[in-house]
Amino acid sequence: MSRQSPTLALVGATGAVGTVMIDIINGRESVPWGEIRLIASARSAGKKITVRGEELTVVELKPEAFDGIDVAMFDVPDEVSAEWAPVAAARGAVAVDNSGAFRMDDEVPLVVPEVNADKVGNPEHYPKGIIANPNCTTLSMMAALGALHREFGLTSLVVSSYQAASGAGQDGIDRLYAELEAVAGKGLGSKAGDVRAALEAAGLPVADTPFAGTPLALNVVPSAGSYKGDGWFSEELKVRNESRKILGIPGLKVSATCVRVPVVTTHSLAVHATFEREVTVEAAHKLFEAQPSIVLTDDPENGVFPSPAEVVGADPTYVGRVRQALDFPNTLDFFVCGDNLRKGAALNTYEIAEQVAAKLA
């Protein structure tokens, strides 16, 4: 590949999302990068990872690691991105950040390529040299909502999310597996104490769970993220604030309830969307079918609709159960599933990076 091709850095290459990112890069027919550099903490530096047939050595996260880099993708915790994305930008890279550190910064665009790709094309839109990737919950419905908004004008949004354990990181995944093993085959009754007792007996006290001190096995937990007061959790506020920013509707009315469910990977959302203009199921179907990143699976009479088990590992978002809301004019209800580690995190970040690369070419 030509030395004139853009160079890419992946920060957090050995983490859960970073690993998915490498899978995505390896699965592309072609990539625009002249060099791919893997960056991680000192603990992971020196590891060998094969990317597109070449064994690469992970380098330590230091300022000089960004020298010569055109695009740097960050798949790391908020505090790491907050410190290091500006360092990458100062060294001449465009930082594409998957954390929550910059999403609501007025000088940092929040991008979903299917909705607002124009924010990538002009560096004036990202004066800090940073572009943010949305939260995986918000992102799961954006391709569908963006298409509908362009045609019918979105005015209000009510969302209930059913979020996978992996949204709480590797700790969430490990905890769910451990809980399922602890309760499997126990013939538990319906009392909450039954599950709690089984977990305690297995050495899994509920006080240690990452799910608000509540069991997730055989349960759902109406809590996602941190508590922010007035009854709201951070994931719910992200849905509101990020939807407004991505769609460019500052006054959009949004209410969200986010629920953690005993699913390992793939978030689901029940969406109730109201529009300025009359909208029909048939028109929505045509719009969804025209979107390359949406798979429409909508034949409920024959049991055809999206569910996490069928969607996990897939790049598109899946939409089904599209119906006109009873008693609400100009309103659609529909169900969306999206793999929160792929399109919800790694893939969207990578798609932004590729768009930046196209502008650099």
Side-chain angles (χ1 to χ4, degrees), residues 6-25 31-49 51 56-111 119-120 123 125-136 139 167-171 225-226 234 238 242 245 341 344-357 359-360:
T7 55
L8 175 72
L10 172 55
V11 185
T14 59
V17 178
T19 300
V20 174
M21 185 76 75
I22 291 170
D23 288 342
I24 289 170
I25 294 172
V31 298
W33 315 110
E35 176 192 352
I36 297 175
R37 192 175 302 169
L38 306 182
I39 302 173
S41 65
R43 184 178 65 254
S44 297
K47 288 187 66 174
K48 306 287 186 180
I49 299 176
V51 181
L56 303 180
T57 301
V58 177
V59 301
E60 184 179 349
L61 179 58
K62 293 181 177 180
E64 54 267 29
F66 298 103
D67 289 347
I69 293 297
D70 294 305
V71 183
M73 300 187 300
F74 283 78
D75 290 311
V76 292
D78 291 9
E79 62 274 13
V80 179
S81 284
E83 178 181 356
W84 287 97
V87 173
R91 295 260 170 165
V94 176
V96 183
D97 180 39
N98 188 39
S99 82
F102 300 98
R103 288 174 185 152
M104 300 314 298
D105 188 319
D106 290 339
E107 295 185 296
V108 176
L110 187 62
V111 172
K119 300 298 184 183
V120 176
H125 288 141
Y126 47 96
K128 291 185 175 181
I130 301 170
I131 300 171
N133 190 65
N135 176 265
C136 52
L139 187 48
Q170 189 62 46
D171 287 347
S226 57
S234 59
K238 288 175 186 177
E242 293 180 15
K245 185 173 181 178
L341 297 182
L347 180 60
N348 197 74
T349 304
Y350 184 73
E351 289 173 337
I352 296 169
E354 281 198 331
Q355 292 208 341
V356 174
K359 301 299 179 182
L360 295 174

Peer 1: Under the side-chain contact (heavy atoms from CB on, under 4.5 Å) rule, collect the residues that match up with Pro86, sequence neighbours excluded.
Peer 2: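 Result, side-chain contact (heavy atoms from CB on, under 4.5 Å) vs Pro86: Phe102, Ile130.
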Peer 1: Side chains of Asn348 and Pro134, heavy atoms from C-beta outward: is any pair under 4.5 Å?
Peer 2: yes
Peer 1: Test of understanding: with side-chain contact (heavy atoms from CB on, under 4.5 Å), list the residues that count as partners of Glu64, not counting sequence neighbours.
Peer 2: Lys62, Asp67, Arg91
Peer 1: Identify, with sequence neighbours excluded, every residue that meets salt bridge (charged side-chain N to carboxylate O under 4.0 Å, His left out) alongside Lys119.
Peer 2: none
Peer 1: Could you work out, with side chain to side chain donor-acceptor pair (under 3.5 Å) as the rule, every residue matching Gln355, not counting sequence neighbours?
Peer 2: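 Gln355: no side chain to side chain donor-acceptor pair (under 3.5 Å) contacts found.
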Peer 1: Please enumerate all residues that pass side chain to side chain donor-acceptor pair (under 3.5 Å) together with Glu83, with sequence neighbours excluded.
Peer 2: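 Glu83 satisfies side chain to side chain donor-acceptor pair (under 3.5 Å) with no other residue.
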Peer 1: Going by the rule salt bridge (charged side-chain N to carboxylate O under 4.0 Å, His left out), which residues pair with Asp105 if we only count those two or more places apart in sequence or in a different chain?
Peer 2: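 Salt bridge (charged side-chain N to carboxylate O under 4.0 Å, His left out) list for Asp105, sorted by chain: Lys128.
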Peer 1: According to side chain to side chain donor-acceptor pair (under 3.5 Å), who are the partners of Thr19, at least two apart in sequence or on a separate chain?
Peer 2: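 Here no residue qualifies.
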Peer 1: For Ile49, which of Ile36, Leu38, Leu10 qualifies under side-chain contact (heavy atoms from CB on, under 4.5 Å)?
Peer 2: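 Of the listed options, the one satisfying the test is Leu38.
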Peer 1: Not counting sequence neighbours, which residues clear side-chain contact (heavy atoms from CB on, under 4.5 Å) with Lys47? List them please.
Peer 2: Thr14, Ser44, Val58
Peer 1: Where do Thr7 and Gly68 come nearest, in terms of heavy atoms and distance?
Peer 2: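 So the two residues come closest at OG1-O, 2.6 Å.
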Peer 1: Show every salt bridge (Lys or Arg N to Asp or Glu O under 4.0 Å) that has at least one partner inside residues 68-82, sequence neighbours left out.
Peer 2: none
Peer 1: Enumerate the residue pairs fulfilling ring-ring contact (aromatic ring centres under 6.0 Å, His included) with a member in residues 72-91, sequence neighbours excluded, ordered by first and then second residue.
Peer 2: Phe66-Phe74
Peer 1: List the residues meeting side chain to side chain donor-acceptor pair (under 3.5 Å) with Tyr126, not counting sequence neighbours, and say none if there are none.
Peer 2: none
Peer 1: Is the shortest heavy-atom distance from the side chain of Leu61 to the side chain of Val76 under 4.5 Å?
Peer 2: no
Peer 1: For Ala132, give me all partners under side-chain contact (heavy atoms from CB on, under 4.5 Å), at least two apart in sequence or on another chain.
Peer 2: Arg103, Val108, Leu110
